[in-house]
Chemist: 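The structure's right below; bear with me while I get my questions together.
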Amino acid sequence: MSERNVLGGELEVCGTDPVTGFHRDGTCTVGPQDVGLHAVCAVMTEEFLSYMREVGNDLSTPRPEWGFAGLVSGDRWCVVAVRWLQAYDAGLACPVVLAATSERALDVVPLDALRAHSVDVPSDPRDLT
């Protein structure tokens, strides 16, 4: 059975440029191997990246030995749920894409916190009016 998103629907792709996910398949699928829960599809901001660097989780520095170019503002990345919550508690949470965030994030992060930072666009743009 495939993982669902926090809204109960099919888990959508988070990012392919760069390719994200614990399994590097573009999705925030967790599975049993991902004990860190890389479940939150986050849209990087300078503030979030800076905060992550300050707390020891540098996501912006390129690491060519791991095939990692480093993230920049606007990139989508599956982040560890507890790290996103840490930034949220510090007032520095970045936006999230709910449709691409694994339901497993709810093991750590309240849905209301994720919703408060949602940047999802409805499938039918007429819903925006």
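Since the structure is predicted, the reported quantities are computational estimates derived from the model, not experimental observations.
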Chemist: Is there a side-chain contact between Val55 and Arg83, using heavy atoms and a 4.5 Å cut-off?
Modeler: yes
Chemist: Quick one: are Cys78 and Thr20 in side-chain contact, heavy atoms under 4.5 Å?
Modeler: yes
Chemist: Quick one: list whatever passes side chain to side chain donor-acceptor pair (under 3.5 Å) with Glu10, sequence neighbours left out.
Modeler: none
Chemist: Listing request: all side-chain hydrogen bond (donor to acceptor under 3.5 Å, both in side chains) pairs with a residue in residues 44-54, at least two apart in sequence or in separate chains.
Modeler: Arg53-Ser60
Chemist: Can Arg76 and Val97 be said to form a side chain to side chain contact (heavy atoms under 4.5 Å, CB included), step by step?
Modeler: CA-CA 9 Å; Arg76 289 183 177 194; Val97 181; 3.8 Å; yes
Chemist: Quickly, which of Leu92, Val79, Leu71 forms a side chain to side chain contact (heavy atoms under 4.5 Å, CB included) with Phe48? Name it, please.
Modeler: Val79
Chemist: Going by the rule side chain to side chain donor-acceptor pair (under 3.5 Å), which residues pair with Ser102 if we only count those two or more places apart in sequence or in a different chain?
Modeler: Glu3
Chemist: Could you pull out all residues at least two apart from Tyr88 that satisfy ring pair (Phe, Tyr, Trp, His ring centres under 6.0 Å)?
Modeler: Trp84, His117
Chemist: Show your reasoning for whether ring-ring contact (aromatic ring centres under 6.0 Å, His included) applies to Phe68 and Trp77.
Modeler: CA-CA 12 Å; Phe68 181 68; Trp77 196 251; 5.5 Å; yes
Chemist: Any side-chain heavy atom of Arg115 within less than 4.5 Å of one from Leu98?
Modeler: yes
Chemist: Val109 and Phe22: same hydrophobic cluster, using ILVMFWY side-chain contacts below 4.5 Å?
Modeler: no
Chemist: Please determine whether the number of non-hydrogen atoms from other residues, nucleotides or ligands lying under 6.0 Å from atom CG of Asp89 exceeds 12.
Modeler: yes
Chemist: Taking C-beta and beyond as the side chain, do Leu111 and Leu106 meet within less than 4.5 Å on heavy atoms?
Modeler: yes
Chemist: Where is the tightest heavy-atom contact between Val13 and Ala100, given as atom of each residue plus distance?
Modeler: O-CB, 3.6 Å
Chemist: Apply side chain to side chain contact (heavy atoms under 4.5 Å, CB included) to residues Leu11 and Asn5 and explain how you reach the verdict.
Modeler: CA-CA 5 Å; Leu11 186 64; Asn5 65 40; 3.9 Å; yes
Chemist: Arg104: which residues meet the salt bridge (Lys or Arg N to Asp or Glu O under 4.0 Å) condition with it, sequence neighbours left out?
Modeler: Asp107
Chemist: Taking Val96 as the starting point, is it possible to reach Val108 by hopping between hydrophobic residues whose side chains are less than 4.5 Å apart?
Modeler: yes
Chemist: Which pairs of donor and acceptor atoms, one on a side chain in residues 33-44, lie under 3.5 Å apart (sequence neighbours left out)?
Modeler:
residue : atom : partner : partner atom : Å
Asp34   : OD1  : Gly36   : N            : 3.2
Asp34   : OD1  : Leu37   : N            : 3.1
Asp34   : OD1  : His38   : ND1          : 2.8
Asp34   : OD2  : His38   : N            : 2.8
Asp34   : OD2  : His38   : ND1          : 3.2

